Amino acid sequence: QVQLVESGGGLVQAGGSLRLSCAASGRTFVGYVMGWFRQAPGKEREFVAAITWSGGTYYADSVKGRFTISRDNALSTAYLQMNTLKPEDTAVYYCAVKRTVMGVATIQYDYWGQGTQVTVSS
């Protein structure tokens, strides 16, 4: 099994930036897709961004141009750089791993982290 631990969440003012990290451990990681999702109170969990092993990226329309996903394969770690944050970005952010490249923007991932809170104040 794969274990995922998110870090880097916190409180930031609108227009500010945060960088989230997701460290993977436990089992083989090579070739996995890594993704970020978020869930705000009263809302469904939604796709934010994903990155393939080779570096291909996918973004939700709501974060394009503001968020950047990256990964360090040697460290088995994914990152989400969040710039120009808005109050509507407030949510618990989850890291996830998918064993195939099919359906990277869906919620059908194989492993999930516990989440990290991101709060953006007005």
Side-chain angles (χ1 to χ4, degrees):
Q1 294 80 17
V2 174
Q3 297 181 67
L4 304 172
V5 179
E6 303 98 333
S7 62
L11 175 65
V12 65
Q13 295 182 23
S17 299
L18 284 174
R19 182 171 60 252
L20 306 183
S21 298
C22 173
S25 63
R27 296 289 183 178
T28 181
F29 185 73
V30 175
Y32 285 18
V33 175
M34 300 192 74
W36 288 96
F37 295 77
R38 66 187 183 186
Q39 187 167 21
K43 295 185 178 181
E44 296 289 315
R45 187 171 300 184
E46 66 175 351
F47 170 79
V48 175
I51 185 167
T52 67
W53 179 258
S54 60
T57 57
Y58 305 81
Y59 295 96
D61 289 340
S62 59
V63 305
K64 286 181 179 178
R66 299 189 298 120
F67 291 10
T68 302
I69 188 171
S70 62
R71 69 191 293 170
D72 186 329
N73 292 334
L75 297 178
S76 298
T77 301
Y79 306 92
L80 185 68
Q81 178 67 45
M82 304 184 293
N83 298 326
T84 318
L85 283 161
K86 305 174 181 179
E88 50 262 46
D89 294 318
T90 296
V92 176
Y93 283 71
Y94 297 90
C95 177
V97 166
K98 191 177 181 69
R99 303 174 83 96
T100 74
V101 299
M102 294 183 292
V104 297
T106 74
I107 63 171
Q108 296 177 351
Y109 277 60
D110 299 298
Y111 303 98
W112 294 85
Q114 294 297 310
T116 185
Q117 178 71 49
V118 172
T119 302
V120 184
S121 63
S122 300

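Atom set for the values below is all heavy atoms of this structure, side chains included, hydrogens, waters and symmetry mates excluded. Here the structure is a predicted model, which is why all the values come from computation and not from measurement.
Nearest approach of Cys22 to Met34, heavy atoms of both residues: SG-CE, 3.8 Å. Across Ile51 and Ser70, no two heavy atoms sit closer than the pair CD1-CA, 3.7 Å. Of all non-hydrogen atoms in Ala78 and Trp36, the two that sit nearest each other are O-CZ2, 4.0 Å. Taking all atoms of both residues into account, the shortest heavy-atom contact from Leu4 to Ala24 is CD2-CB, 3.5 Å. Nearest approach of Ala14 to Pro87, heavy atoms of both residues: CB-CD, 4.2 Å.
Hydrophobic clustering places Val92 together with Ile107 (ILVMFWY residues linked when any side-chain heavy atoms are closer than 4.5 Å, directly or through intermediates).
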- Item | Evaluation steps, side-chain contact (heavy atoms from CB on, under 4.5 Å), between Tyr58 and Ile69 | CA-CA 8 Å; Tyr58 305 81; Ile69 188 171; over 6 Å; no

- Could you walk me through whether Leu20 and Thr116 pass side-chain contact (heavy atoms from CB on, under 4.5 Å), step by step? CA-CA 8 Å; Leu20 306 183; Thr116 185; 4.0 Å; yes

- Task: Decide side-chain hydrogen bond (donor to acceptor under 3.5 Å, both in side chains) for Asn83 and Ser17; before the verdict, give the C-alpha distance in whole Å, the side-chain angles of both, and the deciding distance to 0.1 Å.
- Result: CA-CA 4 Å; Asn83 298 326; Ser17 299; 2.9 Å; yes

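Evaluation of the side chain to side chain donor-acceptor pair (under 3.5 Å) test over residues 106-115, restricted to residues two or more places apart or in two chains, returns Arg99-Tyr111.
When side chains are defined from C-beta on, Arg38 counts as touching Val63, because their heavy atoms get closer than 4.5 Å. Contact check for Val48 versus Tyr59: no side-chain heavy atoms found under the 4.5 Å cut-off. Considering only heavy atoms from C-beta on, Val5 stays 4.5 Å or farther from Gln3 through its side chain. Side-chain atoms of Arg19 and Met82, non-hydrogen and from C-beta on, never get closer than 4.5 Å to each other.
Distance check: Ser76 OG to Tyr32 OH gives 11.0 Å after rounding to the nearest 0.5 Å. Rounding to the nearest 0.5 angstrom, the gap separating the CG atom in Leu75 from the OG atom in Ser25 is 12.5 Å. In this structure, Phe67 CZ and Leu18 CG are separated by 9.0 Å, a value rounded to the nearest 0.5 Å. Here Tyr94 contributes atom OH and Gln39 contributes atom CD; the two are 5.5 Å apart, rounded to the nearest 0.5 Å.
The existence of a salt bridge linking Asp89 and Lys86 is excluded, since no basic side-chain nitrogen approaches an acidic carboxylate oxygen closer than 4.0 Å.
Taking the six-membered ring where the residue is Trp, the centroids of Phe47 and Phe37 are separated by under 6.0 Å.
A donor-acceptor pair under 3.5 Å links the side-chain atoms of Arg71 to the main chain of Thr52, judged by distance alone. Between the side chain of Thr90 and the backbone N or O of Glu88, no donor-acceptor pair lies under 3.5 Å. In this structure, the side chain of Gln13 does not engage the main chain of Ser121 through any donor-acceptor pair within 3.5 Å.
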